[in-house]
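Comments concern the structure below.
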Amino acid sequence: MTKRLPEGFIYGGATAAYQAEGAVHTDGKGPVAWDRFLEENYWYTAEPASDFYHMYPLDLELCEKFGINGIRVSIAWSRIFPAGYGRVNPKGVAFYHRLFAECFKHHVEPFVTLHHFDTPEALHSAGDFLNRKTIDYFVDYAKFCFEEFREVNYWTTFNEIGPIGDGQYLCGKFPPGIRYDLAKVFQSHHNMMVAHARAVLAYKQGGYDGEIGVVHALPAKYPYDPKNPKDVRAAQLEDIIHNRFILDATYLGQYSDFTMDGVRHILSVNGGSLDLRDEDFETLRAAKDLNDFLGINYYMSDWMRAYEGETEITHNAKGEKGGSVYRIKGVGERVFDVDVPRNDWDWMIWPRGLYDQIMRVAHDYPNYKKIYITENGLGAKDVFINNTVYDDARIDYIRQHLNAVSDAIHDGADVRGYFLWSLMDVFSWSNGYEKRYGLFYVDFETQKRYPKKSAYWYRNLSRSGIII
Ligand code: BGP
């Protein structure tokens, strides 16, 4: 049965400053930890990326031509405050005014994220969000942006607090590259959630006209054998690490007993303790009903089995299928021999998981107000022929996930829009330029853009609202 998405639905494309802009040292931009981390650990850097810093007028023209009426962009904190605080860089401020003006000129609503993985270097090396001073600096930066960029109607504080903790302190694939430190994972989650809550409170106290929310990645976690209580527990604990702890902080303003019981178990096995203060919970509670929307990023799900051994994680950076290992002491291990398709980076493609996660938010956190799917898409080694890419697998992926969204709307969830990751090809943080997601193919040498087959499909979708 063909399904129709509601009137007013946003058909968006998503980007992030560091992955799209390039111009890493241009016009006074300050350094971020990624600059050196990529040079030292990977085979690529953030130059040229998609040169969005200069190419944005073309990208927004393409949006308009292809029926894309929303764009996720992020502000690079270190373009505004090169050191993270103190001196403001007027050229950075001017760039984002130009960018937003171009969005409106093309009738593309910008959804603006304040932090998409790119903490300024000086703050990162002082402990990033593990250092509570970074919370203060983030709130100052947020307040500056709210006041300066009054043309913005939709603000997001953070992109993916969960994967930040995971990438920085569990897998070590993000700077500073620390591995297997579960206490740091939870502390980072917690401190970033406090920073989020403080920014939301500042926005509401400022009486601005727009809306504010947060973007969480919500991969579903299923037991490998649902009849085995140990597998069920592994899925629950994994869910607490990546989803539940953060959702509780967002919408309950505290961690439920169930969540804290899991956290205590994980830390009792892995060591470490948390600094959770009464005033943090006052802040979280004050903000919990003020989120105007939740952004859900969803790509995949995981199947978990009980595991008794030592922690071992191998990140499959190059897309060599079968290369992933993920086993956490006292938690569980991810298993791949389930009857579910997966991409070359071992991401399990499971549209039903998106439905399950939307409905879970709606049931467990009824104060959520509304949802946007702020990222979803298929990473692939696209083949460029005849000046295009015949990306039928991507179309199929989007179709299936939009069907899941439509089902969730039908079953009572309030979902207002969908942003495909990514608008045009960008580089992937830990997988390089070979993992492409865009509706528009980017030749990274010439910076020319070429619509893929999916771009035409998406245009028809946005015109009709019908998922075919
Ligand atoms: C999300 C990030 C994006 C983007 C996407 C795809 O976690 O918010 O910035 O990178 O995932 O992930 P990857 O680039 O690892 O394939």
Side-chain angles (χ1 to χ4, degrees), residues 12-21 32 34 37-38 41-46 49-50 52 71-76 111-119 156-168 170-175 189 192 213-219 242-243 246 294-302 313-321 323-324 326 342-349 353-354 357 372-382 394 397-398 401 418-439 442 444:
T15 70
Y18 197 67
Q19 287 172 282
E21 290 175 359
V32 298
W34 281 96
F37 193 77
L38 288 182
N41 296 281
Y42 290 99
W43 63 98
Y44 53 91
T45 70
S50 323
F52 187 66
I71 185 171
R72 268 191 83 208
V73 294
S74 72
I75 295 179
F111 281 64
V112 181
T113 304
L114 288 164
H115 181 281
H116 194 127
F117 298 178
D118 55 349
T119 307
T156 295
T157 52
F158 290 105
N159 178 74
E160 297 192 348
I161 288 171
I164 290 175
D166 169 81
Q168 296 193 170
L170 186 56
C171 304
K173 63 182 181 178
F174 290 4
H189 289 358
M192 293 187 81
V214 62
V215 167
H216 293 324
L218 298 179
H242 298 278
N243 303 322
I246 293 165
L294 172 68
I296 297 181
N297 291 357
Y298 178 84
Y299 291 89
M300 57 171 168
S301 293
D302 293 300
I313 299 176
T314 306
H315 169 55
N316 167 6
K318 296 216 164 154
E320 286 151 6
K321 209 169 186 167
S324 302
Y326 180 101
R342 65 184 144 134
N343 73 8
D344 288 343
W345 291 265
D346 299 317
W347 291 22
M348 311 291 274
I349 300 170
L354 176 55
Q357 291 297 65
Y372 292 92
I373 306 308
T374 36
E375 278 182 38
N376 174 246
L378 181 67
K381 296 167 188 162
D382 284 352
R394 179 166 295 113
Y397 180 101
I398 303 169
H401 285 81
Y418 175 92
F419 294 76
L420 181 77
W421 182 269
S422 46
L423 176 61
M424 66 292 193
D425 290 336
V426 298
F427 80 89
S428 161
W429 301 95
S430 58
N431 313 280
Y433 288 80
E434 293 78 13
K435 192 180 188 187
R436 293 172 182 265
Y437 284 90
L439 289 175
V442 175
F444 291 109

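What you are looking at is a predicted structure, and each value in this text was computed from that prediction instead of being measured. Whatever order the structure lists ligands and atoms in, that order sets their numbers, starting from 1.
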- Out of Ala14, Gly167, Ser428, the nearest non-hydrogen contact to atom 13 (P) of ligand 1 is supplied by Ser428
- Item | Identity of the nearest option to atom 6 (C) of ligand 1, non-hydrogen atoms only, from Tyr437, Phe427, Tyr18 | Tyr437
- Test item: side-chain donor near acceptor, Trp421 and Gln19, under 3.5 Å: no
- Message: Can you confirm whether the side chains of Tyr42 and Thr45 place a donor and an acceptor under 3.5 Å from each other?
- Response: no
- Note on the structure: Per-atom filter on ligand 1: closer than 4.0 angstrom to a heavy atom of Lys435 are 13 (P), 16 (O)
- Message: At less than 4.0 angstrom from any non-hydrogen atom of His116, what atoms of ligand 1 do you find?
- Response: 2 (C), 3 (C), 8 (O), 9 (O)
- Task: Assess Trp345 for proximity to ligand 1: is some non-hydrogen atom of it under 4.0 Å away?
- Result: no
- Message: Could you check whether any heavy atom of Tyr299 sits closer than 4.0 Å to an atom of ligand 1, since that is the contact criterion I want to use?
- Response: yes
- Message: Working note: Ile373 + His401, criterion side-chain contact (heavy atoms from CB on, under 4.5 Å); need CA distance, chi angles, decisive distance, verdict.
- Response: CA-CA 10 Å; Ile373 306 308; His401 285 81; over 6 Å; no
- Item | Lys173 NZ/CZ over Trp345 ring centroid, <6.0 Å and within 45° of normal | no
Just to confirm my output: which protein heavy-atom neighbour is closest to [atom], and how far is it?
| atom | result |
| --- | --- |
| atom 7 (O) of ligand 1 | Glu160 OE1, 2.5 Å |
| atom 9 (O) of ligand 1 | Gln19 OE1, 2.6 Å |
| atom 3 (C) of ligand 1 | Glu375 OE1, 3.4 Å |
| atom 15 (O) of ligand 1 | Asn431 ND2, 3.2 Å |

